[in-house]
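Side chains included, hydrogens not; waters and symmetry mates left out as well; all remaining heavy atoms used. None of the values given here were measured: they were computed from a predicted structure.
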Amino acid sequence: MALVGTIEDIVYRNEENGYTVARLEKDDSIVTIVGKFIDIQVGAMVSLEGKFEKTKYGVQYAFDTYEISMPKSLEGIEKYLGSGLIRGVGPITARKIVEKFGKDTLDILEYSPQKLAQISGISDKKAVEIGFSFKEHREVQNTIIFLQNFNITTNMALKIYNVYKEKTTEIVKTNPYKLVEDVDGIGFLTADRIAQNSGIPQDSLFRIRAGLIYVLKTNCERNGNTYLPKSMLMDEASKALELPYEECEEKFIQAFDSLTLDRTAVVLWQDNVEIVMLSKYYYYENAIAQKLVWLANCQQENDVDLTCEIENFERRNNIKFHEEQKNAVVGAIKNGVFVITGGPGTGKTTIIKCIVEILSNAQKKVALSAPTGRAAKRMTDSTGTEAKTIHRLLEVNQIQQDQSYFVHNESNPLRYDCVIVDEVSMVDVSLMCSLLKALPRDCKLILVGDKDQLPSVGAGNVLSDILKSEIIKYCMLTKIYRQEEKSLIITNAHLINEGKMPFIDNTSMDFFFESKNDPELIKNTIVNLVTTRLPQYLKIDSQQIQVLAPLKAGVCGIENLNKELQEKINPPAPNKRQLDFGHTIFREGDKVMQMSNNYDLEWKKHGRFADEIGQGVFNGDIGSILTIDTQTGEVVVEFEDGRICLYTRPDLVDLSLSYAITIHKSQGSEFDVVIIPAISGPSIILTRNLIYTAVTRAKKMVVIVGEKQYLHRMVANKYTATRFTLLKNLLLSANEKIKNMFE
């Protein structure tokens with residue numbers, strides 16, 4: 001339903017994303033409108049497309065797209081110009097302009113702005129500036145309207161305009177596929193839709209080039225690959241573009257050559273196979289390899305009596321280290337880069353604590369870090385030393401938003417003698433590259449993790465590649481130390497990792513299996529366990545129980561489980577505000593998770609002595625909704641580490657209910673109680689390291705609900721998706737070069 005009228009008043013406006021609540025005059029009546037304007041001022045005539053909605057504030061018109069028309073009446077023109085829209089024009093100047101030029105005012109501004117100098121108080125220079133500002137505003141509005149024809153959101157339209165400025169319309173018309181390369185968030189499918197509407201041929205070189213980039217990007221972002229064999233790239237691009245490679249081979253080769261000529265992609269040979277990488281991923285992996293090898297070879301000798309220090313630590317903590325634990329401590333302190341890997345209960349935390357104490361006693365400045373807030377908090381609690389997320393350690397750059405998101409880099413390194421990173425299996429090549437760039441050239445780096453857990457969600461296989469290269473020294477912990485009597489979590493985790501069925505003994509303290517053979521029964525049992533049985537048995541709140549599911553969809557997928565659990569744990573109530581967003585209802589008190597990195601989102605944190613402010617929330621951060629403003633669509637979330645963030649409505653796309661989360665999203669986290677559905681599903685997903693990762697997330701209890709045959713299939717399924725990564729080979733190459741340097 002279309003609505004046409006004049007903006008009479010702006011009730012609320014968020015300048016960051018354009019979200020606006022305004023009053024619109026239409027046929028002598030006033031209508032409240034809500035939606036996103038790139039730029040809007042009182043007096044503007046608008047044509048809106050949307051629908052009326054009933055809210056607690058009354059009936060409002062929510063619009064999706066809009067057009068702005070120039071006002072026609074003298075009063076409207078004066079109000080429009082005097083609203084602050086045009087730089088250098090206020091209410092008094094606006095009145096003078098309208099009095100002088102009348103209904104020709106807008107034509108004068110657009111085509112003959114120099115005539116404005118005829119007005120007292122407007123110089124020739126100011127006249128030109130006013131004309132430029134007016135033209136720029138019109139240009140932006142026309143561009144936004146043009147882009148909206150292709151179902152591009154207002155936020156994304158502004159992002160595109162900021163890249164191309166006045167050339168936006170021309171570029172989008174002639175080669176919309178350029179957006180795929182230049183504008184974050186624009187995918188091939190969006191560009192292809194624009195191109196088809198513009199009549200660009202299916203076999204256009206622009207389209208084939210964009211298709212090749214799309215396949216490379218998708219494989220990096222979804223499958224974790226940092227490169228593809230050229231033959232696979234051509235095959236997948238041919239399918240994605242729906243163009244037979246044999247018939248268009250010449251054009252495919254031309255498009256491919258253009259990628260390598262302008263260095264968008266890099267072509268290499270590995271094991272006699274021609275491979276292709278997007279340049280940034282080659283840079284990430286090559287930079288990681290170079291810095292790791294440098295750090296490993298450029299450490300100063302230390303004169304610490306490690307035997308004495310370890311004995312003192314054992315005495316103070318009333319423990320006795322096994323030989324492999326001592327080797328881990330010694331190796332970490334003696335080497336520039338060292339990896340400690342092992343499963344649950346193998347003593348990794350105690351080893352970290354010992355290393356920190358020894359280095360601190362030697363007056364070394366040590367930083368503890370982890371990829372997620374939960375992992376950092378666990379590290380803090382277990383070592384007694386503050387740990388930060390890697391993002392917080394590097395500090396998100398609040399000024400410069402480019403490919404360097406962090407304050408600390410090679411030009412402004414961290415000031416530490418040693419950095420210890422836990423849960424390193426979660427770290428992708430982009431984050432590892434940023435961390436290494438920020439390390440001083442004489443800094444010690446200790447990487448701690450479990451090689452058998454799932455690889456990072458992002459591209460790369462950092463921990464695995466480092467270990468396989470055998471360039472960086474490491475210690476593999478195998479002996480289990482932390483094991484309470486009648487506790488089965490750690491025992492069963494190691495059994496699963498060895499391909500053996502976990503020991504099911506429902507008389508144990510912490511590992512249970514509930515047999516159910518129907519998805520509805522499994523779902524109902526999980527809901528009952530979370531909301532009633534376990535809270536009563538353990539005397540805990542339902543929010544402390546985490547459901548970890550293998551799949552998103554289906555009866556026992558996280559989407560359905562979240563709806564069911566939300567209705568039981570946090571049902572609607574008169575005193576609870578809620579907000580419909582897509583297929584999700586967000587309600588005050590809901591448990592939520594951030595689903596991707598957002599470097600721009602600001603937060604504040606109340607400290608004991610002073611408040612702290614910062615920027616950036618990250619993939620996997622878990623919190624709860626404090627308040628919801630249903631009029632503006634703003635949601636306030638408090639994360640587990642105390643950060644409080646204000647989400648505007650567009651930001652909510654990255655927020656999800658988290659009563660149930662996927663096992664992949666649980667990496668780096670630890671929960672008191674974990675419930676896992678054992679269900680059927682694709683064998684490439686339901687794997688041994690998936691169930692191993694899920695079980696190792698639990699601190700106090702694991703409950704598996706479902707059929708033993710599906711649990712058995714997961715344990716027996718040692719499939720791991722092959723990731724195409726170059727880091728191992730680059731490490732070998734970098735090591736060879738540095739050897740030659742020192743010889």
Would you say K700 has more than 12 foreign heavy atoms packed within less than 6.0 Å of its NZ? no

Could you tell me if Y692 and D450 have a donor-acceptor pair between their side chains, going purely by distance under 3.5 Å? yes

Could you verify whether a donor N or O on one side chain and an acceptor N or O on the other, from S430 and D428, lie under 3.5 Å apart? no

Q709, CD: over 12 other non-hydrogen atoms inside 6.0 angstrom: yes

Would you find a donor on one side and an acceptor on the other, under 3.5 Å apart, between the side chain of S658 and the backbone of A660? no

Any donor-acceptor N/O pair, K665 side chain to M595 backbone, under 3.5 Å: yes

Cationic tip of K708 within the cone over F513's six-membered ring, i.e. under 6.0 Å and within 45° of the normal? yes

State plainly whether the residues E520 and K523 are in salt-bridge range, i.e. N to O under 4.0 Å. yes

Are R643 and F639 in a cation-pi contact, defined as NZ or CZ under 6.0 Å from the six-membered ring centre and within 45° of the axis? yes

Can a side-chain donor-acceptor contact be found between D651 and T648 if the only test is distance below 3.5 angstrom? yes

Between the side chains of E470 and K728, is the shortest nitrogen-to-carboxylate-oxygen separation below 4.0 Å, so that they form an ion pair? no

Taking the side chain from S369 and the backbone from I420, do they hold a donor-acceptor pair closer than 3.5 Å? no

Indicate whether any N or O donor in one side chain lies under 3.5 Å from an N or O acceptor in the other, for Q594 and Y647. yes

Please confirm whether the backbone N or O of E670 pairs with a side-chain atom of R374, one donor and one acceptor, at under 3.5 Å? yes

Does one side chain, of Q270 or Y227, offer a donor that lies under 3.5 Å from an acceptor on the other? yes

If only side-chain N and O atoms count, and only distance matters, is there a donor-acceptor pair under 3.5 Å linking Q453 with T693? no

Are there more than 12 heavy atoms of other residues, nucleotides or ligands under 6.0 Å from atom OH of Y537? no

Would you please say whether a donor-acceptor pair under 3.5 Å links the side chains of N219 and N223? yes

Quick check: are there more than 12 heavy atoms from other residues, nucleotides or ligands sitting under 6.0 Å from NZ of K552? no

Does H712, at its NE2 atom, have more than 12 non-hydrogen atoms belonging to other residues, nucleotides or ligands within less than 6.0 Å? no

Test item: F586 and L657 side chains (from C-beta on) under 4.5 Å apart, heavy atoms: yes

Can a donor-acceptor pair be found, under 3.5 Å and without considering hydrogens, that links the side chain of R723 to the backbone of N461? no

Look only at the side chain of D641 and the backbone of G373, and say whether a donor-acceptor pair between them is shorter than 3.5 Å. no

Under the 3.5 angstrom rule, does the side chain of D510 hit a backbone N or O of L488 as a donor-acceptor pair? yes

Would you say the side chain of K451 lies within less than 4.5 Å of the side chain of S464, judging by non-hydrogen atoms? no

Cut-off 3.5 Å, side chains only: do N598 and D654 have a donor facing an acceptor? no

Non-hydrogen atoms of L601 and C645 that approach each other most closely: CD2-CB, 4.3 Å

Donor-acceptor under 3.5 Å (E498 side chain, K500 main chain): no

Side chain of Q546, backbone of Y659: donor and acceptor closer than 3.5 Å? yes

Would you confirm whether N597, through its side chain, and N619, through its main-chain N or O, come within 3.5 Å as a donor-acceptor pair? yes

Intermediate values then yes/no, side-chain contact (heavy atoms from CB on, under 4.5 Å), V703 and I676: CA-CA 6 Å; V703 182; I676 308 162; over 6 Å; no

Pick from V674, I540, I675, L534: which one makes a side-chain contact (heavy atoms from CB on, under 4.5 Å) with M701? L534

Apply salt bridge (Lys or Arg N to Asp or Glu O under 4.0 Å) to the pair E323 and K479, showing each step before the final yes or no. CA-CA 10 Å; E323 200 60 33; K479 186 172 175 58; over 6 Å; no

Would you check, one step at a time, whether the test salt bridge (Lys or Arg N to Asp or Glu O under 4.0 Å) holds for R697 with E423? CA-CA 12 Å; R697 298 308 89 205; E423 295 286 359; 3.7 Å; yes

Between the side chains of K516 and N524, does any donor sit under 3.5 Å from an acceptor? no

